[in-house]
Structure formats: C-alpha cells, structure tokens
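Reckoned from all heavy atoms, side chains included, excluding hydrogens, waters and symmetry mates.
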Amino acid sequence: IKDFGNIILDVKQGKEDEFWYATWGNSNIGVTKYNIKTNQRKTYSKGEGDNTLPTNNIHHILVEGDSVWITTDGAGICLINDVTGKVTSKLNSQSSLFSEENPQWANYIMRDSKGRLWVCTSDGIVCHQNDERRIYTLNDKKETLAQNEAKMCFCDSKERIWLITTTGGLNIFNEGKQSFTSPFDEY
C-alpha cells in the first residue's frame, strides 16, 4: 500500500477494474489510477508544467465518465481527463471556482441531481453551474452557514442538499431562498 501514498483519504471506482486513490503526505504521488486486472498504474503528482498537480495532498475524488475531479489542500480543485491525462487546475483562471486572491482547501466535491457542482472549502461552499458560481459563507444573516469550514455535502433522495461543517454541524440548502440554514439546534 505504500506505493499508493502514506495516507489514502479517498478511493473511487472509475472504469471497469480501475480505481482512483487520493493520497496525503506523499512527496511523490498525489493521485493514482490503478487497474486491478493488469496491475498498471498511472500516477499524477506535484510538478511544473502540463499534466501535473499543484499539490500531492488530495482530499477527495469525483469520477464522472472520463472526467476526474480532485480536491486539494490549499490549491483548489483539479480536473483530470482520463483519456488524455491532461490536468487542469481550476484555481487560477477566469473560469475558476475560487478567487485568485483566496486559494482554498477544497475538502469535498459532488454533483447534484440538477447538474450543479458543489465544492466544500475551508471558507464556505461553492455552487458552480455552467458559467455561474455562487459562494455561501457564514455572515451576520440568519439564513447562512453555521460555520465556514465545509467538510462534506450530499444530495438526498428528495434532492435536498445537506452540508456538514467542522464545528457548525449540519446545514440544509433552501432552494427557494437560495440559502443554507441549520435545521436542528442540537446539530
């Protein structure tokens, strides 16, 4: 297992017989695609130039066909094209999910039933759909996040978006108001 990294934080199945591993604390590898039938590996790591990652500390993986999204420690998110191997950083560009001035820890990423991409960050949650993005953070309004460190989100069977924060507990997205609230005082 040390060939994959010191700590594996996430594993997702890609195509048949292929798995993607997100590693943490490995100076040589950030993400590995491993074929269990052929024992072949393709690794992606921090480096200069094309097809490299901005960091080897990876939190989470989302596989969508030939697109593999990864969340990173302090370097936003990246998109890997599984066919070409091309890596695109989504941190420092005009189409970025994050501002260039405020790079984020990206903890988790998911796509909901409406096709929106939700990214949990160290400073709120980002909802990205087509060319629009909306950032939800803690503020002085009642309908807001309970805390900014967004750790994980999920879409339930009723298509509601739930968010878990580090110290603020559970939040739910109100589609009508386009805001998050805490549904229970005890969570």
dist D112:CG -> I161:CD1 (nearest 0.5 Å) comes out at 4.0 Å

Check the hydrophobic clustering (I, L, V, M, F, W, Y; side-chain heavy atoms under 4.5 Å; chains of links allowed) and say if V31 and V11 are grouped together. no

Is there a side-chain contact (heavy atoms from CB on, under 4.5 Å) between D82 and W20 once you walk through the steps? CA-CA 11 Å; D82 189 23; W20 291 83; 3.4 Å; yes

Can you name the residues that form a salt bridge (Lys or Arg N to Asp or Glu O under 4.0 Å) with K151, not counting sequence neighbours? E149

Side chain to side chain contact (heavy atoms under 4.5 Å, CB included) with E175: which residues, sequence neighbours excluded? K114, R116, F173, Q178

With sequence neighbours excluded, what pairs up with T167 under the side chain to side chain contact (heavy atoms under 4.5 Å, CB included) test? Q147

Do you know which two heavy atoms are closest between T55 and A75, and how far apart they sit? CG2-CB, 4.1 Å

Tracing side-chain links under 4.5 Å among I, L, V, M, F, W and Y, which residues wind up in one group with V83? none

Test side chain to side chain contact (heavy atoms under 4.5 Å, CB included) applied to R160 - qualifying residues, sequence neighbours left out: D156, K158, W162, I172

In chain order, what residues pass the side-chain hydrogen bond (donor to acceptor under 3.5 Å, both in side chains) check against N51, with sequence neighbours excluded? none

Min side-chain heavy-atom separation I70-C78 under 4.5 Å: yes

Donor-acceptor pair, side chain of N148 and main chain of L138, under 3.5 angstrom: yes

Point-to-point distance, once rounded to the nearest 0.5 Å, from NZ of K86 to CD1 of I80: 13.0 Å

Rounded to the nearest 0.5 Å, the CG atom of L117 sits from the CG atom of N130 at a distance of 11.0 Å

Sorted by chain and residue number, the side chain to side chain contact (heavy atoms under 4.5 Å, CB included) partners of T38 (sequence neighbours excluded) come out as N35, Q40

Could you grab the distance from atom CD1 of I7 to atom OG1 of T23, nearest 0.5 Å is fine? 9.5 Å

Side-chain heavy-atom pair N171, T181 within 4.5 angstrom cut-off: no

Apply the test side chain to side chain donor-acceptor pair (under 3.5 Å) to residues N56 and Y44: give CA-CA distance (whole Å), side-chain angles for both, the deciding distance (0.1 Å), then the verdict. CA-CA 8 Å; N56 285 337; Y44 296 88; over 6 Å; no

Could you report the tightest heavy-atom contact between G14 and V63, atom names first, then the distance? CA-CG1, 4.0 Å

Value for CD1 (I109) from SG (C120), rounded to nearest 0.5 Å, stands at 9.5 Å

Using the rule that Ile, Leu, Val, Met, Phe, Trp and Tyr join whenever any side-chain heavy atoms are under 4.5 Å apart, tell me whether V87 and W69 fall into a single cluster. no

Here the pair of heavy atoms bringing H59 nearest to W24 is NE2-CZ3, 3.6 Å

Identified side-chain contact (heavy atoms from CB on, under 4.5 Å) partner of T71 from the options N57, D10, I77, N107: I77

Quick one: OG on S182 to CG on L163, what's the gap to the nearest 0.5 Å? 10.0 Å

With the side chain counted from C-beta on, respond yes when I125 and F180 share a heavy-atom pair under 4.5 Å apart, and no when they do not. yes

Sequence neighbours left out, what pairs pass salt bridge (charged side-chain N to carboxylate O under 4.0 Å, His left out) with at least one residue falling in residues 53-70? K15-D66, E64-R111

Given I58, which partner from the list I8, L9, L53, D73 fulfils the side-chain contact (heavy atoms from CB on, under 4.5 Å) test? L53

Looking only at heavy atoms, the pair that brings W118 and C153 closest together is CB-SG, 3.9 Å

Any residue meeting ring-ring contact (aromatic ring centres under 6.0 Å, His included) with H60, in chain and number order, not counting sequence neighbours: Y108

Over all heavy atoms of both residues, which pair between C127 and Y136 is shortest? Give the atoms and the distance, please. CB-CE1, 4.1 Å

Can you establish whether the number of heavy atoms outside K46 located under 6.0 Å from its atom NZ is more than 12? no

Under a 4.5 Å side-chain heavy-atom rule over Ile, Leu, Val, Met, Phe, Trp and Tyr, are V119 and L79 clustered together? yes

